[in-house]
K.L.:
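This is the structure I want to talk about, given as structure tokens.
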Amino acid sequence: MRSKHLSEQQLVAASAGDAGTADEHAHLSACETCRARAGRLQALLAEVAAVAEAEADARFPSHRLEAQRSHILECIEQDGRPAQIIAFPAGSRAEVRTRRVTTRSRWVAAAAIAGLAIGLAVGRWSHRQPPVALSLPGTPPADSEIWAPGSDRPATARGSSEDEFLGQIEQASTGLLPELRAIHELTPHVEQVLAINADGR
Amino acid sequence: MPSASRRGGPVHAASPTAAAQTASRSHLSGDSALASEVKRHVLAGERDAAVERFAILLANQQRRAARIAFQYLRDVHDADEAVQDAFLRVFTHIARYREDLPFEVWFTRILINRCLDVRKTRARRLRWTLPIEAAAPAPEPPDGSPSIEARLVSGARVQAIAAAVETLPERQRAVFILRHFGGHSPADVGRVLGLTESTVRVHLFRAIHRLRALLEREGP
């Protein structure tokens, strides 16, 4: 029997279940220290293997494996099916018809583009022009010619929305309910604020 | 799903889930014969019969394949992709299967090659993009309660073991995974990876030595 303990490599080989030499076997069965070392190593390897298996099995539960299996078999099924053949258009007539359709569709597309360009150009041009009062005296102003309250000139297109808004406020303030009127009177007007500021200076 | 049961296959093919769950090393020897049958049917042009036999082979090998791929790639989606590709390749190239080799060795070689491809693709992807999410949490069973395995996976010890295996150099890790998680003998590991048996033993020894140093220091 060997007196020297088993080397690390011999121990690993023995723990992995590999057949060692007769000497190694004899030493392992006789030496308590080496048996304990081998036992600890075997326990560690068993733990690592068990944990790895449990971890992989938790990530791949049965339903996942089933889905995977279905997918693999589906792919094989589809791979085996003959490819669908799409009939290729044959003959010159079909080609001519295709060309005609293409030409017509090109004209339609060109007309659409031209229309769009003209529309844009006209839109920009009219935007730059000052608004013209098209209404005759006595006729109600059009939507684009909202008259600013208290002025005898139609508002410009730019200021129309502002004026419209202010006009609505004015209109609302004149026809207020008595309860709201009290609040309105408590609210300082711009002129009042400006006057107070001017006095303060 | 074009399962064997739908096709009226043999009794054990009618429940591929059960077959997958009981997939163990005892199945492995029979799978070489199954693969030979698939090959024979494919060569004879009997596609339906080939797919039916292949479904059983798939059910028998799937669990082991998923374990190896997951340990190798450490990502569920990548492992899923590698396993699916490997099985599809097996069916496509079954005519090349040599009956003198155990099917598990041939299949594992294809699987490892797919894993390497997926790893390369992932490395390329990571070079150009930033990872936006951490690893997906362990899936829970349909009833919503976490399984025993899921609870086990969340443990610190499990994380330590996974991290220790991850630190192994590529070759050592492959050898260790195939030997201890895949259940291959050192000779078969050598055949899968194209190494001599003595080289496999050296890698295995170094891997265990390193794991031991890392894990015994931490304690159970």
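Convention: sequence-line order gives letters A, B, ...; per-chain numbering from 1.
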K.L.:
Checking side-chain contact (heavy atoms from CB on, under 4.5 Å) for the pair A/Ile76/B/Phe87: CA distance, chi angles, key distance, verdict?
P.N.:
CA-CA 10 Å; A/Ile76 289 172; B/Phe87 276 115; over 6 Å; no
K.L.:
Using non-hydrogen atoms only, which part of A/Ile72 is less than 4.5 Å away from chain B: side chain, backbone, both, or neither?
P.N.:
both
K.L.:
Do B/Arg212 and A/Leu45 have side chains that get closer than 4.5 Å, going by heavy atoms?
P.N.:
no
K.L.:
With A/Cys75 as reference, evaluate B/Leu88, B/Asp85, B/Thr92 under the side-chain contact (heavy atoms from CB on, under 4.5 Å) test and give the passing residue.
P.N.:
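For A/Cys75, the side-chain contact (heavy atoms from CB on, under 4.5 Å) test succeeds with only one of B/Leu88, B/Asp85, B/Thr92, which is B/Leu88.
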K.L.:
Between A/Glu55 and B/Arg74, does any NZ, NE, NH1 or NH2 come within less than 4.0 Å of an OD or OE carboxylate oxygen?
P.N.:
yes
K.L.:
Atom CZ of residue position B/Arg173 - does it have more than 12 heavy atoms of other residues, nucleotides or ligands inside 6.0 Å?
P.N.:
yes
K.L.:
Do the side chain of B/Arg47 and the main chain of A/Glu77 share a donor and acceptor less than 3.5 angstrom apart?
P.N.:
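A pair under 3.5 Å: no.
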K.L.:
Set out, in order, the CA-CA distance, both residues' side-chain angles and the distance that settles side-chain contact (heavy atoms from CB on, under 4.5 Å) for A/Arg64 and B/Val76, then state yes or no.
P.N.:
CA-CA 10 Å; A/Arg64 187 168 195 134; B/Val76 179; 3.1 Å; yes
K.L.:
Report the distance from atom CZ of B/Arg63 to atom OG of A/Ser62, rounding to the nearest 0.5 Å.
P.N.:
5.5 Å
K.L.:
Could you look at B/Ala79 and say if it's the side chain, the backbone, both or neither that has a heavy atom under 4.5 Å from chain A?
P.N.:
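Both parts, heavy atoms under 4.5 Å.
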K.L.:
Near B/Arg119 CZ, under 6.0 Å, is it more than 12 heavy atoms from other residues, nucleotides or ligands?
P.N.:
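Yes, CZ of B/Arg119 has more than 12 neighbouring heavy atoms, counting only those of other groups under 6.0 Å.
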K.L.:
Please say whether more than 12 non-hydrogen atoms of neighbouring residues, nucleotides or ligands are located less than 6.0 Å from CD in B/Glu166.
P.N.:
yes
K.L.:
Show your working on side-chain contact (heavy atoms from CB on, under 4.5 Å) between B/Val83 and A/Phe60 and close with a plain yes or no.
P.N.:
CA-CA 12 Å; B/Val83 169; A/Phe60 282 91; 5.7 Å; no
K.L.:
Report which part of B/Phe205 has an atom under 4.5 Å of a heavy atom belonging to chain A: side chain, backbone, both, or neither.
P.N.:
both
K.L.:
Does the side chain of B/Ile208 reach to within under 4.5 Å of the side chain of A/Glu8, using non-hydrogen atoms?
P.N.:
no
K.L.:
Would you tell me whether A/Gln68 and B/Gln84 have side-chain atoms, one donor and one acceptor, within less than 3.5 Å of each other?
P.N.:
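Side chains of A/Gln68 and B/Gln84: no pair found under 3.5 Å.
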K.L.:
Among B/Val202, B/Ile161, B/Val165, which residue forms the greatest number of heavy-atom pairs with chain A at distances under 4.5 Å?
P.N.:
B/Ile161
K.L.:
Hey, does the side chain of A/Glu53 reach the backbone of B/Phe181 with a donor-acceptor pair shorter than 3.5 angstrom?
P.N.:
no
K.L.:
What do you reckon, is NE2 of B/His93 surrounded by more than 12 foreign heavy atoms closer than 6.0 Å?
P.N.:
yes
